[in-house]
Amino acid sequence: MRLTKFTDYALRLLLLAASKQGRNVTIEEAAALYGISAPHLKKVVRTLCDAGFLAAQRGPQGGFRLNAPPDEINLGQVIRVTEPDFSLVECYRQDNACVITQSCALPRVFDQALAAMLGIFDSYCLADLVVDDATFRALMPDSNSA
């Protein structure tokens, strides 16, 4: 099972925002830290804002920040919002062409595996994973040249 890069980036953005304790984070700052294109991160931020995990502000002091305390942001909820689907195997897809789908027991096993995976994520919140701001600052590309 694999999560998309979109979900990976969403979790990274949330961790960065959580480390800033209410200070806005810019897309450019996140892009520089993670080595990810700013336009792609903008899409991720928009999704997280639409879902209520982040709040965005325009202008000179603009950027994004958590829209709730880290202990109220559940990882399972984030993953359900950012993953396009959980079609682990062909029989889950609308264009399923597998000839044994009607008699196959494998989907039941995948259902259990998916439920277990999501159950683990549901048992964690962002606060369980927060990295302190000093650690992020030390990782910033321009901080190593000082």
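Sequential numbering from 1 along the given sequence is applied to the chain's residues.
- Remark: Gln61 CD to Thr26 OG1 distance equals 11.0 Å, nearest 0.5 Å.
- Taking 4.5 Å as the limit, some side-chain heavy atom of Asp8 sits within range of a side-chain heavy atom of Arg12.
- Note on Val130 and Ile73: separate hydrophobic clusters, where clusters join Ile, Leu, Val, Met, Phe, Trp and Tyr whose side-chain heavy atoms are under 4.5 Å apart, directly or indirectly.
- In this structure, NE2 on His40 lies 6.5 Å from CZ on Phe6, to the nearest 0.5 angstrom.
- The line from CG of Leu13 to CG of Leu66 is 10.5 Å long, rounded to the nearest 0.5 Å.
- Phe110 CZ to Cys104 SG: the interatomic distance, rounded to the nearest 0.5 Å, is 9.0 Å.
- Screening Val45, Leu41, Leu14 against Tyr9 for a side-chain contact (heavy atoms from CB on, under 4.5 Å) leaves a single residue, Leu41.
- At a threshold of 4.5 Å between non-hydrogen side-chain atoms, the residues Val89 and Pro107 do not count as touching.
- When side chains are defined from C-beta on, Leu126 does not count as touching Asp71, because their heavy atoms never get closer than 4.5 Å.
- No donor-acceptor distance shorter than 3.5 angstrom exists from the side chain of Gln57 to the backbone of Phe64, with no hydrogens or angles considered.
- Between Arg65 atom CZ and Gln21 atom CD the span is 14.5 Å, to the nearest 0.5 Å.
- Among residues at least two apart or in separate chains, side-chain hydrogen bond (donor to acceptor under 3.5 Å, both in side chains) pairs with a member in residues 112-131 are Arg80-Asp122.
- One distance of note links CG of Leu114 with OH of Tyr92; it measures 6.5 Å at 0.5 Å rounding.
- Between Phe121 and Asn74, the closest side-chain pair of non-hydrogen atoms is not below 4.5 Å.
- With salt bridges taken as basic N to acidic carboxylate O contacts below 4.0 Å, none links Glu28 and Lys42.
- Using a 4.5 Å cut-off on side-chain heavy atoms (C-beta onward), Leu118 and Phe86 make contact.
- Between Val44 and Thr47 the shortest side-chain heavy-atom distance does not fall below 4.5 Å.
- A salt bridge does not link Arg2 to Glu83: none of the charged side-chain nitrogens sits closer than 4.0 Å to a carboxylate oxygen.
- Although no hydrogens or angles enter the test, the distance criterion places a donor-acceptor pair under 3.5 Å between the side chain of Thr82 and the main chain of Val78.
- Taking both residues in full, the closest heavy atoms of Ala51 and Val81 are given as CB-CG1, 3.7 Å, listed atom of the first, atom of the second, then distance.
- Nearest heavy atoms, Ala17 versus Val25: CA-CG2, 4.1 Å.
- In this structure, the side chain of Asn67 does not engage the main chain of Ala55 through any donor-acceptor pair within 3.5 Å.
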